[in-house]
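To start, the structure itself, in structure tokens.
Atoms considered below: every heavy atom in the structure, side chains included; atoms not considered: hydrogens, waters and symmetry mates. For clarity, every value in this text was computed on a predicted model and none was experimentally measured. Positions are given from 1 along the sequence.
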Amino acid sequence: MGTVGIEWVQQYNGLQGNLSNTKAQAEGFYNTLSATRRFNWGDDLAWDQDFEQSGEGSPAAGTDTTWADDVDFVFFSGHGSPSGFLFGTRLDDAVARPGDITWGDRDLEWIALDACNVLERDGVFDRWGWPVFNGLHYILGFHTTTGDEPDRGRLLAQYLNAGWTVREAWIRCCQDTEGPDTSWAYLRADAAGVNTYTDHWWGKGSVSSDPRNPTTLFYARGTC
């Protein structure tokens, strides 16, 4: 059985506006997916360094090999921007930035960043490029802003449990919870002999090998 972890932020301590439904959204995913549950960090216990590579950033305090990169699937719910996804506690700088991230060199296959504009199309390959993908299969997110709503995580997990591919499950749960002004997005990596297009959740269908040395990054987006 695959492993899962979540982080969510509702109280931003003045760094951003507070949110209402991120806990319910992330825990809906956590409690519904057929998985071994590893961590659930929220508000002041959710930290950007949990997603960052050791030795990267300033301060260089990344602990992803203990948290985000030590499970198969991570779901984050909170604020975001093209520059990264945002936290309410300044243990580091309260932003998990693409330049501080390398995922998949330990375990992580899929990550959902339920946060506004994190996968905005303009410059997406410059931000979330080759250094980020080192075995990672997918980043799921949004090209546009997105709503503060409680159900998307649960729906994503339900579709994954039902045997939908990862990309189809993400698209459908976004369409179920957003209107046409919102655009879902994802990035995925392929490598020689590796095709992640038909990835499923563990035990629910085929899963590709890890694209350790990716040769191609694919970006897709669409209206909800």
Exercise for review: Step through the shown structure and confirm whether more than 12 heavy atoms of other residues, nucleotides or ligands are within 6.0 Å of OH on Y197.
Suggested key: no
Review point. Who are the side chain to side chain donor-acceptor pair (under 3.5 Å) partners of T146, not counting sequence neighbours?
Key: R152, E178
Check your understanding: In the single-linkage hydrophobic clustering (I, L, V, M, F, W, Y; side-chain heavy atoms under 4.5 Å), do L217 and Y186 co-cluster?
Key -> no
Check your understanding: Any donor-acceptor pair under 3.5 Å linking the side chain of Y30 with the backbone of E7?
Key -> no
Exercise for review: On the 0 to 90° scale, with breaks at 30° and 60°, tag the W164-Y159 ring pair as parallel, tilted or perpendicular.
Suggested key: tilted
Review point. Under 4.5 Å between any side-chain heavy atoms of F133 and P211, yes or no?
Key: no
Check your understanding: Does the R127 side chain pair with the main chain of L119, one donor and one acceptor, at a distance under 3.5 Å?
Key -> no
Revision key, fill the gap. Heavy atoms of W170 and F75 approach each other most closely as CZ3-CE1, 4.5 Å
Review point. Is V74 close to V4 at the side-chain level, that is, under 4.5 Å between some pair of heavy atoms?
Key: no
Review point. Does W67 have its ring centroid less than 6.0 Å away from the ring centroid of F39?
Key: yes
**Study point:** Nearest-0.5 Å distance, CG of residue L91 to CG of residue D48
**Key:** 7.5 Å
Review point. Does atom CZ of R37 have more than 12 heavy-atom neighbours, drawn from other residues, nucleotides or ligands, at distances under 6.0 Å?
Key: yes
Check your understanding: Is the closest side-chain heavy-atom distance between F73 and F29 below 4.5 Å?
Key -> yes
Check your understanding: Out of curiosity, D210 CG to T196 OG1, how far, rounded to the nearest 0.5 Å?
Key -> 10.5 Å
Point to revise | Spacing of OG1 belonging to T177 relative to CD belonging to E149, to within rounding of 0.5 Å | key: 4.5 Å
Review point. Is the shortest heavy-atom distance from the side chain of W8 to the side chain of Q10 under 4.5 Å?
Key: yes
Check your understanding: Do W103 and V194 belong to the same hydrophobic cluster, where Ile, Leu, Val, Met, Phe, Trp and Tyr are linked whenever their side-chain heavy atoms lie under 4.5 Å apart, directly or via other members?
Key -> no
Check your understanding: Is there side-chain contact between F76 and W41, with at least one heavy-atom pair below 4.5 Å?
Key -> no
Point to revise | Electrostatic pair D190:R188 at N-O distance under 4.0 angstrom | key: yes
Practice item. Say whether N13 and D44, considering side chains only, have a donor N or O and an acceptor N or O under 3.5 Å apart. Key: yes
Practice item. Given side-chain hydrogen bond (donor to acceptor under 3.5 Å, both in side chains), test D72 with T3 step by step and report yes or no. Key: CA-CA 5 Å; D72 297 304; T3 54; 3.1 Å; yes
Review point. Run the side-chain hydrogen bond (donor to acceptor under 3.5 Å, both in side chains) check on Q25 and S77 step by step: do they pass?
Key: CA-CA 7 Å; Q25 187 186 77; S77 186; 2.6 Å; yes
Check your understanding: What is the distance from atom CD1 of I101 to atom CG of D64, rounded to the nearest 0.5 Å?
Key -> 8.5 Å
Check your understanding: If only atom types and distance count, is the side chain of N40 paired as donor or acceptor with the main-chain N or O of I6 below 3.5 Å?
Key -> no
Exercise for review: Keeping the roles fixed (side chain from S34, backbone from N161), state whether a donor-acceptor pair exists under 3.5 Å.
Suggested key: no
Check your understanding: Is there a path from L155 to L33 through hydrophobic residues (I, L, V, M, F, W, Y) whose side chains come within less than 4.5 Å of each other?
Key -> no
Check your understanding: Distance-only, no hydrogens or angles: does the D148 side chain make a donor-acceptor pair with backbone N or O of S20 under 3.5 Å?
Key -> yes
Point to revise | Axial cation check for Y219 ring with R121, 6.0 Å and 45° limits | key: yes
Review point. Below 4.5 Å, heavy atoms only, C-beta onward: do E109 and L136 meet side chain to side chain?
Key: no
Exercise for review: Establish, yes or no, whether a centroid distance under 6.0 Å links the rings of F218 and Y138.
Suggested key: no
Check your understanding: How far does CG of L108 sit from OG1 of T65, to the nearest 0.5 angstrom?
Key -> 12.0 Å
Review point. Considering residues at least two apart in sequence or located in another chain, which fulfil the side chain to side chain donor-acceptor pair (under 3.5 Å) criterion with D199?
Key: W110, H137, S208
Point to revise | Contacts of type side chain to side chain donor-acceptor pair (under 3.5 Å), residue T144, not counting sequence neighbours | key: none
Check your understanding: Between OG of S81 and CZ of R97, what distance do you get to the nearest 0.5 Å?
Key -> 8.0 Å
Review point. Do V124 and L187 have side-chain heavy atoms sitting under 4.5 Å apart?
Key: yes
Check your understanding: What orientation do F85 and F51 show, parallel under 30°, tilted 30 to 60°, or perpendicular over 60°?
Key -> perpendicular
Exercise for review: Sort out for me which residue in D114, I111, V166 forms a side-chain contact (heavy atoms from CB on, under 4.5 Å) with L140.
Suggested key: V166
Review point. Mind checking whether N117 and H143 have side chains closer than 4.5 Å, heavy atoms only?
Key: no
Point to revise | Main-chain N/O of S206 paired with H200 side-chain donor or acceptor, under 3.5 Å | key: yes
Exercise for review: Could you point out which residue of T63, N134, D105, D100 forms a side chain to side chain donor-acceptor pair (under 3.5 Å) with Q53?
Suggested key: D105
Review point. Ignoring hydrogens and geometry, is there a side-chain-to-backbone donor-acceptor pair from D93 to V95 under 3.5 Å?
Key: yes
